[in-house]
Amino acid sequence: MAIPWIYIEDIPKTKKEEIELRGWLANKRSSGKIVFLIIRDGTGFIQGVADLNNFTQEELEKIEKIPLESSIIVQGKVREEPRAPTGWEIYLSKVEVIYISQEYPIQKKDHSIEFLMEHRHLWIRSRKQQAILRIRSEIIKAIRDFLDERGFVLVDAPILTPSSCEGTTTLFELDYFDLGKAYLSQSGQLYMEAACMALGKVYCFGPAFRAEKSKTRRHLTEFWMVEPEMAYWDWQDNMRLQEELISYVVQRILERKRRELEILERDIKPLEGILPPFPRITYREAVELLNRKGIPFQYGDDFGGDEETIISQEFDKPVFIHHYPAKIKPFYMQPDPENPDLVLNNDLLAPEGYGEIIGGSQRIHDLNLLEEKIKENNLPREAFEWYIDLRRYGSVPHSGFGLGIERTTAWICGLKHVREAIPFPRQIYRIYP
RNA sequence: UCCUCGGUAGCUCAACGGUAGAGCGGCCGGCUGUUAACCGGCGGGUUGCAGGUUCGAAUCCUGCCCGAGGAGCCA
């Protein structure tokens, strides 16, 4: 009978003793007449042991010389072994080299971030990077499961767009045949507003592009965002959905990605308490909080990274900040009926200093008010004609938000920089690899 | 765009005006339970680029290039 090919993560579940593994040589050690091979196959790592019982002296010397990251197929008996790094090992009977690797540039030593970013295509093979990418994948799955279970419809927004959503200074521009300029989307929101009037509860999930010359630990020029939009929901319904979504995602990761969080040495205590309700403070209360802390902050300014950190450190859960001054927010946000200088919006700041992960609001549903705002903001009316149209045909109050995938991943994984939260980051000074 | 820091061996760094060095990786050898294994040996350089000061420049000066940390803006 053929020896079955098993993935490393399935080893504890399988009852097979004699198995085959297909993977790569992640590390090796040798002690003369015994050779230890650390094998990875994408699902995990396991130590393989080769000695003179199964191999000749000559074969053992060959095995000892296989370069790191060579692709190998091995066979042997698996067993629990306390001396092995993962508690399991495979006692090898056959080692077949598929492809001999050249000298692998990434060592098990410290590297500069510049070097690692230059070798991102190889860096993702490292244990921690694999753990991050697995968690990212599960976060996306959890978000989609949450929304799908609640009757939301996935509606894909276009990437090539004729105009901007939030402003005109931060767009990537390209030529679009004879129709002039087109731009890479910086948000699918306006299209989701159209879609929610068709389908009730919708969301889009996709990349967003910002040509901002931002160079911080929280910025990428290309990032992924999920943007739900709900007809007939007001700004408070909106916040309830947000806190339920974030809690669902965090609890899912704690439940299914424990091992990855351990590899990342993430302290999971702060994550365990992420359950509704989240604290809610107004913009004015946030300003007062800063001033009480001795931070000279003017009412009417927008919060910077430092301010967000200080505010979020006051709470052990994500915190909503709502009712911002209309002046510092985009044109489409619904003014507060009790004070039109404020808008019915909210940001959500992640704890532990991770800053803004969500921006959301109730949208303007009144035709005249929207037209007024477009005029006030000197936006090209022609480009927004279809958007204005939504207010002509059965307009209703509606709300939505955008959740940044990389910032959320960075927070849950405990990363210092969002560039590790996406497979191939795009930054102002880096587009390679 | 602005401020700050940096660029020396494949990698991480030292040498700070006087002959460019170490650790790791690689290669050769040793070791039957290693955990970033360990021990011995051997190779490895246009000091980011261009110019200047000096008897002499990796080191001082000017300009440029490329990164990193941060700010503004934002998810």
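Note on naming: letters A, B, ... go to the chains in the order of the sequence lines (proteins, then strands), and numbering restarts at 1 for each one. Quick caveat: nothing in here was measured; it's all calculated off a predicted structure.
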Stretch residues 295-304 of chain A: residues that reach within less than 4.0 Å of RNA chain B through a heavy atom: A/Asp302, A/Gly304
Summary of ring-ring contact (aromatic ring centres under 6.0 Å, His included) pairs that have at least one residue in residues 70-102 of chain A, sequence neighbours excluded: none
Touch class at under 4.0 angstrom, heavy-atom based, for A/Asp347 against every strand present: nothing
Which residues share a side-chain hydrogen bond (donor to acceptor under 3.5 Å, both in side chains) with A/Arg83, sequence neighbours left out: A/Glu81
Value in whole Å for how far the P atom of B/A71 lies from CD of A/Glu307: 10 Å
Distance flag, aromatic centroids of A/Phe303 and A/Phe297, threshold under 6.0 Å: yes
Distance between C1' atoms of B/A20 and B/U59 (Å, rounded): 12 Å
Pair of N/O donor and acceptor under 3.5 Å linking B/G33 base with A/Glu89 side chain: yes
More than 12 heavy atoms from other groups under 6.0 Å of CD on A/Glu9: yes
Qualifying salt bridge (charged side-chain N to carboxylate O under 4.0 Å, His left out) pairs, either residue in residues 19-36 of chain A, two or more places apart: A/Glu20-A/Arg22
Sugar-phosphate only, base, or nothing, as touched by A/Gln427 at under 4.0 Å among non-hydrogen atoms: nothing
Interface residues of residues 242-254 of chain A with RNA chain B (non-hydrogen, below 4.0 angstrom): none
Candidates B/C74, B/U34, B/A75 - which lies nearest the side chain of A/Met225: B/A75
Test of ring centre spacing under 6.0 Å for A/Phe146 and A/Phe152: no
No-hydrogen, no-angle side-chain donor-acceptor test under 3.5 Å, A/Ser187 and A/Glu227: yes
What does the list of N/O pairs under 3.5 Å between the protein and nucleotides 21-31 of chain B look like, with a distance for each?
unit_1	atom_1	unit_2	atom_2	d
B/C31	N3	A/Gly32	N	3.3
B/C31	N4	A/Ser30	OG	3.3
B/C31	N4	A/Glu64	OE2	3.4

Main-chain N/O of A/Tyr324 paired with A/Asn345 side-chain donor or acceptor, under 3.5 Å: yes
Partner set under ring-ring contact (aromatic ring centres under 6.0 Å, His included) for A/Trp123, not counting sequence neighbours: none
Touch class at under 4.0 angstrom, heavy-atom based, for A/Glu406 against every strand present: nothing
Nearest atoms (heavy-atom pairs only) where A/Leu275 meets A/Lys317: O-NZ, 2.9 Å
Side-chain donor/acceptor contact of A/Arg407 with base of B/C74 under 3.5 Å: yes
Aromatic-base stack, A/Phe223 on B/A75, cutoff 5.5 Å, angle under 30: yes
B/G67 to B/U8 separation - C1' atoms, rounded to the nearest Å: 16 Å
Partners meeting side-chain contact (heavy atoms from CB on, under 4.5 Å) with A/Arg127 (sequence neighbours left out): A/Phe45, A/Ile263
Donor-acceptor contact present, side-chain A/Thr170 to main-chain A/Ala211, <3.5 Å: no
A/His323 ring center near A/Trp235 ring center (under 6.0 Å): yes
Sugar-phosphate only, base, or nothing, as touched by A/Leu220 at under 4.0 Å among non-hydrogen atoms: base
Sugar-phosphate, base or nothing in reach of A/Phe36, heavy atoms under 4.0 Å: base
Earlier contact from the 5' end, RNA chain B, for A/Leu403 and A/His417: A/His417
Might you list the N or O atoms of the protein lying below 3.5 Å from N or O atoms in nucleotides 1-6 of chain B, with each pair's distance?
unit_1	atom_1	unit_2	atom_2	d
B/U1	OP1	A/Lys213	NZ	2.9
B/U1	O4	A/Lys213	O	3.1

A/Ser112 vs B/U12: side-chain N/O to OP1/OP2 distance below 4.0 Å: yes
Partners meeting ring-ring contact (aromatic ring centres under 6.0 Å, His included) with A/Phe315 (sequence neighbours left out): none
Base of B/C74 paired with side chain of A/His219 (donor-acceptor, under 3.5 Å): yes
Strand RNA chain B in bracket notation, Watson-Crick/G-U under 3.5 Å with | for pairs to another chain: (((((((..((((....[..)))).(((((.......))))).....(((((..]....))))))))))))....
Using residues 418-433 of chain A as the side-chain source, report each donor-acceptor pair under 3.5 Å to any protein atom, sequence neighbours left out, with the distance given to one decimal.
unit_1	atom_1	unit_2	atom_2	d
A/Glu420	OE1	A/Gln129	NE2	2.9
A/Arg426	NH1	A/Ile431	O	3.3
A/Arg426	NH1	A/Pro433	O	3.1
A/Arg426	NH2	A/Pro433	O	3.2
A/Arg430	NH1	A/Glu118	OE1	3.1
A/Arg430	NH1	A/Tyr432	O	3.4

Close side-chain approach of A/Asp237 to A/Asp234, heavy-atom, < 4.5 Å: yes
Candidate nucleotides B/U32, B/U34, B/G67, ranked by approach to the side chain of A/Arg83 - the nearest: B/U34
Enclosure of A/Glu265 CD (heavy-atom neighbours >12, cutoff 6.0 Å): no
